[in-house]
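What follows is a single structure, written as structure tokens, with notes after it.
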Amino acid sequence: MTVRRGVLFILFATLSACKIELTAPPEGGVTTSSGAISCAANQLCDVNVTDIYFDETFVAAPAPGWHFDGWRQRHRGLCGGNKLACRLRTSGFAGNDVLMSFLNNPDETFYLEPEFVVERRTDEIELAAEDTESAFGFDWELDFYRNSSYSCGASGNYTFMVMEPGNNPGAEAPLWVYLHGGGVGYYANDGTYYAPVGQTEDTWNNEESFDDFRINQLRGRTLQGGQPKDITLTRRIQEGYRILFVSMCDQDQYSGLGTPYPNNPGSTAEVNGLQATMAAVEYTVANYPTSHVVAHGTSAGSTGAYSLATAFAAENVFLTAAVPDSTVITPRLETVINAFAGTQGFPFPAGFDPQGVIDKLGFYAEEERLAYPEARISGGFTDVPMLFLGGDADPFCAGNQATIFEAQSEGVNNCDYVYNGLRQAIDAQQNSPHQISILDGVGHIPSNTVSAANDIVDAFIGNVLNTSPPLPFRTTRGFDALFIGHSFFVPIADEIPFHTVRAGVDGHTQITEFSGGASGAPMALWQNAGHRSSIQAVLDTGNVELFGMTYEPTHPGTEGYELWIDYALSKNPNTRFFIGLPWLDFPGDYPDAATYAGTWQSAHDVEWHLFIDSLRALYPGVEIFCMPYGQAALELRTLMEAGDLPEASVLTGEQGVGLFRDNKGHGHSDGVLLDLAELIWISAIYGIDLDDYAYDPGYVTDIKAIAKAIMDAHDPLYNKR
């Protein structure tokens, strides 16, 4: 019976609505095998389900170069996590009054959304050389890698170089991904290679060597007359960033997706710039301790930085920020190139056809995909803050040419015209995280020159970091959670969403039910008709994946827990449970820290674990774990009485003076006790390594270290599996 009830529930939760909302991202659309339903890329489509004859199989349709990676997991998401076609049918609803009532309810909506990814390989990346560079008064370790999975347009393979923090190799550091320039080129149908003036098919279609990186990119950009050149890259090196230099050897602006390289004499050639760049970033993050990740591209690398950020975002990996400098793909640039190709002083020669670039780059250059910056931002993209830089005297946007009619009609010069669509999109986006700065009288790549652009970059990155963004490559799937309890429990629970965002947990949701003191015990909440009804309504959705309860000594037995566990499992047999043991109330009743700690610790280590064992015996196969967050008060009181807790000097008093705010033992809102307990919670629930958690609680006392020590010392048999 339990199994059949579970299967019925899954069917019910999979499709029991009168409407399915299809979300098709820019990377691809959704169709059905019957051909009756089609939702194109960049569309939001509603499918009405009104009878018991609905039977459609939904198929993801990726754009060239993209690959379907499964249906997105989300609240009320259909086929979430499934990588196959999604069949949805209502034939089993006939005769079931409950299912039919949902089918006919116009307020019920479920969701179906495909996820598309860029396929790439890191398994053939090898360390090819290493050396030490001395500059700026430090020694810098340089590691040079080659990725044999990806060939360049003419010869060799994609490569990259990692520059370790000065005098501190192996340290955890933010990663600055630098994508250098190099124009863009393509083979025409007659075999002629078109590129910016002075470039040939051999300029950026061959492997970049170790010396290319360290001499041309590192030294060539950051040193002038042997002295540091005050540019963005130099500043990041001096600040202790780890720098990743990536190569471009298909002259594809780092945007190739593994599609054919048109008209290349090597008939099997592909353009692999984005694949290779993503692989380089992933390999670096996996092998060097990394916190934040910022993509900075200049000229051709500007397009690459944007492509890199949005490609990772399609996979729910959000770079900390991106700084594209001096090239954006936009239909406006095509207008300018067509107007001036072959003109003296304009970088693109006669005969240069933007369509050749579009055919080569594919997805990111095709206007109808709406993947270029101004289109995507107009569509609501906010996942990665971006600073777009440029100069209005840049020859690459015809800043040195006569103003074209289209620019005159907008009252701007040529470069401002190229960027005007992007500026309008950012200005129109409410609370946009993006910024655009086109500097007056400045030419190409201002962040690589001594200019005001570098201060603009510093301010932008500083503002982004001040928001405490999560670390992009440390994502954990979140739970739909329910927490019930008293004032030694719910105030901590209320702050968990704050921490999940900063700890890289994706998709955490929660609902709390509060009742003070003894009335917050599980049994008391069950016996109270109002609280019981509210909690059951949440459990009735079947969406609760994690159910947290606390302890209160006036209801010491397991009966209340059993009642809630039975009810929760009847709605979702996969629910996990935790029970948190708070600190002892009325701490003043204990003469000193040692007595206070000893009383709690002996109860926790013996009676409390036996309590958990008894519940586990009643529910074999159900995950039930405990959380020792009450130890926070023990550790802090011990420090306080030793004079080692600057945040509190007495047991009870105002915040900043007292450890507790009253004789009952409540913690201060935003005080050190509750903040320490929150860290124990986030570690216990999501396994967050607090050594790597970038959030700074702002105390002199290292409460992250205390929380980690508490969890490290906790018997692992009673932790979440």
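The structure presented is a predicted model; accordingly, all values stated were derived computationally and were not measured.
The backbone N or O of G671 sits nowhere less than 3.5 Å from a side-chain atom of E647 that would complete a donor-acceptor pair. E315 places no side-chain N or O within 3.5 Å of a backbone atom of V317 that could act as its donor or acceptor partner. Side-chain atoms of T701 do not come within 3.5 Å of backbone N or O of I703 as any donor-acceptor pair. A side-chain donor-acceptor contact under 3.5 Å links N572 to the backbone of V544. With hydrogens and angles ignored, the 3.5 Å screen pairs no side-chain donor or acceptor of T277 with any backbone N or O of L274. A distance-only check finds a donor-acceptor pair linking the side chain of T467 to the backbone of V464 [under 3.5 Å]. Remark: side-chain polar atoms of W71 are paired, donor with acceptor, to backbone N or O of L84 under 3.5 angstrom. A donor-acceptor contact shorter than 3.5 Å links the side chain of W583 to the backbone of G665. In this structure a side-chain-to-backbone donor-acceptor pair under 3.5 Å is missing from R661 to Q655. Looking only at distances, a side-chain donor or acceptor of T550 sits under 3.5 Å from a matching main-chain atom of G580.
Residues H604 and Q631 fail the side-chain proximity criterion, which asks for heavy atoms closer than 4.5 Å. Using a 4.5 Å cut-off on side-chain heavy atoms (C-beta onward), S519 and N528 make no contact. Two residues are said to be in side-chain contact when any heavy atoms from C-beta on lie closer than 4.5 Å; P385 and F460 meet this criterion. At a threshold of 4.5 Å between non-hydrogen side-chain atoms, the residues Y718 and D613 count as touching. Looking at I20 and D46, their side chains never come closer than 4.5 Å, going by heavy atoms from C-beta outward. Within the 4.5 Å cutoff, no side-chain heavy atoms of H296 are placed close to those of V177. Annotation: side chain of D494 is not in contact with side chain of F483 (no heavy-atom distance under 4.5 Å). Residues V672 and L659 are in side-chain contact: their nearest non-hydrogen atoms beyond the backbone lie under 4.5 Å apart.
At a cut-off of 3.5 Å, with distance as the only test, a side-chain donor of N316 or E115 sits close to an acceptor on the other residue. Of the N and O atoms on the side chains of H609 and D715, not one donor lies less than 3.5 Å from an acceptor on the other residue. Side-chain polar atoms of E172 and S291 form no donor-acceptor pair below 3.5 angstrom. Side-chain N/O atoms of H292 and T320 include a donor and acceptor closer than 3.5 Å. Side-chain contact annotation: H531 with E513, donor-acceptor N/O pair under 3.5 Å present. Side chains of D566 and Y561: a donor-acceptor N/O pair is absent below 3.5 angstrom, by distance only.
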**OP:** Start with the C-alpha distance between L581 and W600, add both sets of side-chain angles, then the distance that settles side-chain contact (heavy atoms from CB on, under 4.5 Å), and finish with yes or no.
**Re:** CA-CA 9 Å; L581 184 63; W600 185 94; 3.8 Å; yes
**OP:** Give the intermediate values and the outcome of side-chain contact (heavy atoms from CB on, under 4.5 Å) for residues F473 and T290.
**Re:** CA-CA 9 Å; F473 288 90; T290 303; 6.0 Å; no
**OP:** May I have the step-by-step check of side-chain contact (heavy atoms from CB on, under 4.5 Å) for I685 and L546, ending in yes or no?
**Re:** CA-CA 9 Å; I685 293 173; L546 178 68; 3.7 Å; yes
Original post:
Do L22 and L44 pass the side-chain contact (heavy atoms from CB on, under 4.5 Å) test, and can you show the C-alpha distance, the side-chain angles, and the key distance before you say yes or no?
Top reply: CA-CA 6 Å; L22 293 178; L44 185 67; over 6 Å; no
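In this structure, I377 CD1 and M386 CE are separated by 6.5 Å, a value rounded to the nearest 0.5 Å. Going from atom CG of L634 over to atom CD1 of I710 covers 8.0 Å, rounded to the nearest 0.5 Å. Here the CD atom belonging to E495 is positioned 11.5 Å from the CG atom belonging to L679, to the nearest 0.5 angstrom. Taking CG of D69 as the start and CD of E119 as the end, the distance is 8.5 Å to the nearest 0.5 Å. To the nearest 0.5 Å, atoms CG (L563) and CD (E559) are separated by 5.5 Å. The distance from atom CG of D662 to atom CG of D585, rounded to the nearest 0.5 Å, is 10.0 Å.
Aromatic ring centres of W66 and F116 lie farther apart than the 6.0 Å criterion allows. The aromatic ring centres of H486 and H666 sit 6.0 Å or more apart. Ring to ring, W564 and W526 are close: their centroids are under 6.0 angstrom apart. Aromatic rings of F578 and Y629 (six-membered ring for Trp) have centroids beyond the 6.0 Å cut-off, not under it. Taking the centre of each ring, Y686 and H508 come in below the 6.0 Å mark. For W608 and Y551, the distance between ring centers is under 6.0 angstrom. Aromatic rings of F489 and W681 (six-membered ring for Trp) have centroids within the 6.0 Å cut-off, being under it.
Under the 4.0 Å criterion applied to side-chain N and carboxylate O atoms, E27 and R376 are assigned as salt-bridge partners. At a threshold of 4.0 Å, the pair R576-E545 does not count as salt-bridged, since none of the basic side-chain nitrogens sits closer than that to a carboxylate oxygen.
Scanning all heavy atoms of the two residues, the minimum distance from T23 to E113 falls at O-CG, 3.4 Å. The minimum heavy-atom distance linking T284 with R242 is given by the pair CG2-CD, 4.5 Å. The two residues T382 and P433 make their nearest non-hydrogen contact at O-CG, 3.6 Å. Of all heavy-atom pairs between G380 and Q429, the closest is C-NE2, 3.7 Å. When all heavy atoms are compared, the tightest approach of A375 to L370 is CB-O, 3.7 Å. Minimum heavy-atom separation, T122 to Y283: O-CD1, 4.3 Å.
Remark: K664 fails to qualify as a cation-pi partner of F660 under the 6.0 Å distance and 45° angle criteria applied to the six-membered ring.
Applying the side chain to side chain donor-acceptor pair (under 3.5 Å) rule to T310 yields the partners Y364; only residues at least two apart in sequence or on another chain are considered.
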